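First up is the structure itself, then whatever we jot down about it.
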There are 2 protein chains.
Amino acid sequence: MRYHRTDIVQYAIGVLDQYGLADLSMRRIAAELGVQPSALYHHFVNKQALLAAVADEILARGGRSVEPDSAWDKQILSECRVLRNAMLAYRDGAELISTVRAFGLGVRVPHGELAETIRSAGFDDSFSRAAATTILHFVFGQVSYEQLSLQAHSDGAIDSSVDLPAGDAAYEFSLGLMLIVDGIRMRQPSYER
Amino acid sequence: MRYHRTDIVQYAIGVLDQYGLADLSMRRIAAELGVQPSALYHHFVNKQALLAAVADEILARGGRSVEPDSAWDKQILSECRVLRNAMLAYRDGAELISTVRAFGLGVRVPHGELAETIRSAGFDDSFSRAAATTILHFVFGQVSYEQLSLQAHSDGAIDSSVDLPAGDAAYEFSLGLMLIVDGIRMRQPSYER
DNA sequence: ACCTGAACACCGTTCAAGT
DNA sequence: ACCTGAACACCGTTCAAGT
């Protein structure tokens, strides 16, 4: 059997979802494909590049938010919800995306869309980009934590004395996002009371 | 030579600062101590526990914010600045703390203080905790990213086509924090215009 | 209480060679 | 173009045994 980059990414997503990020090794992916580990290096320069491709595919599968012509704040909430769902759809999805970003690799995270949406509310480029970054930091942190506590409840592997969020995750997500969006709105030139 | 937990943590911080988180291995710490790797397991059940201790020590060295009796929002900014400085003081400090948190281990992160400060502004427990969590997600994400781009500029190891923040990190930090704090303030029962 | 020495079951990556 | 086979230089962790 001969494979392409895309086949490998599909299998890798399967491994991720079944075994988790900690067990997403080159050797395991290779084994799953019925191939020698070294074969993967014909398709990806290294493991980081493979993980980046997996991260991009997970985000791509989540789709894009298309709120026709609703208000900028509704649009942001919608874009973030799509992003959150994309990550929640696979085991350790948020951790994977965070990890790839921590490598300094480019992941097709919707920073541009968010910044554009904010700019459409009348902000300049520099502010819009910074605000979009703020939103993304929150989203990745929140969803990673959310996914961690999901896992903590399913297996017993996590120290229960720490007790994680526990509160309604979807609520916490909306609340945090709303705080940031409100903070942005307050800075609109046209903002009154 | 015989060591205690605390000695090992000191050496581990040295290894972290010199070689980075990726090279902070049990074997390297042991080598630095002039001891067999297995010796470390007499002091820590596993690597995660050792990393958690290192994370706690780094945060402890950062100290605590003591803004006598200034306004709640100033207090929050101060607490976050202290936290940021603590992480920036060591190579990969923010990544380390994020990693330990991702394990589901308890790190002595100032969540309680932040929540208490917010509660002092007149919010209920549930909201205060959620808002504190929002702030921390932002802070860890932001400072990790900040530290990544510091590293990207010092070595050439990071894909320069991705080009990271580039903007003034301290400014971005303050801005993001301010957005969240403003969002919180807007929800104060006593808030007017 | 603290450590050694040896082993086990893994990693990511390289490289010559095959088809 | 895609893969094998073998090797290299690492990991974290366990465990019997030493002092």
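Everything numeric here is computed off the predicted structure, so don't read it as measured data. Proteins come first, then strands; the chains are lettered A, B, ... in the order of their sequence lines, and each starts at number 1. Side-chain atoms are counted along with the backbone in the values below, which use heavy atoms only and exclude waters and symmetry mates.
In terms of phosphate contacts, B/H43 brings a side-chain nitrogen or oxygen within less than 4.0 Å of OP1 or OP2 of C/dC3. Applying the 4.0 Å criterion to OP1 and OP2 of D/dC2, one finds that A/H4 has a side-chain N or O inside that range. OP1 or OP2 of D/dG5 lies within a sub-4.0 Å distance of a side-chain N or O belonging to A/Q36.
One finds no salt bridge joining B/R91 and B/D17 here, because no Lys/Arg side-chain nitrogen approaches an Asp/Glu carboxylate oxygen to under 4.0 Å. In summary, A/E79 and A/R64 do not engage in a salt bridge, as defined by a charged side-chain N under 4.0 Å from a carboxylate O. Ion pairing between a basic and an acidic side chain is recognised when a charged N comes within 4.0 Å of a carboxylate O; A/R28 and A/E32 show no such pairing.
Using bins of under 30°, 30° to 60° and over 60° for the plane-to-plane angle, the ring pair B/F138/B/F173 lands in the parallel bin.
D/dC8 and C/dC10 have their C1' atoms separated by 15 Å, with the value rounded to a whole Å.
Between the CZ atom of B/R5 and the P atom of C/dC3 there is a distance of 13 Å, rounded to whole Å.
Taking the ring centroids of B/H43 and B/Y3, they lie at or beyond the 6.0 Å cut-off.
With B/F123 as the aromatic partner, B/R187 does not meet the cation-pi criteria of under 6.0 angstrom to the ring centre and within 45 degrees of the ring axis.
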Expected string for nucleotides 8-19 of chain C under the B/S/- scheme (protein heavy atoms, under 4.0 Å, primed atoms plus P, OP1, OP2 as sugar-phosphate) is ---BBBBB----
Let me see the working for B/Q48 and B/V100 under side-chain contact (heavy atoms from CB on, under 4.5 Å), right down to the final yes or no. CA-CA 7 Å; B/Q48 296 189 4; B/V100 173; over 6 Å; no
With side-chain contact (heavy atoms from CB on, under 4.5 Å) as the criterion, how do A/I135 and A/I76 come out once you've worked through the C-alpha distance, each side chain's angles and the decisive distance to 0.1 Å? CA-CA 9 Å; A/I135 291 171; A/I76 287 189; 3.9 Å; yes
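For DNA chain C, runs of at least 3 consecutive pairs of the Watson-Crick or G-U wobble type, with both hydrogen-bonding distances under 3.5 angstrom, map to C:4-8 with D:12-16, C:12-16 with D:4-8.
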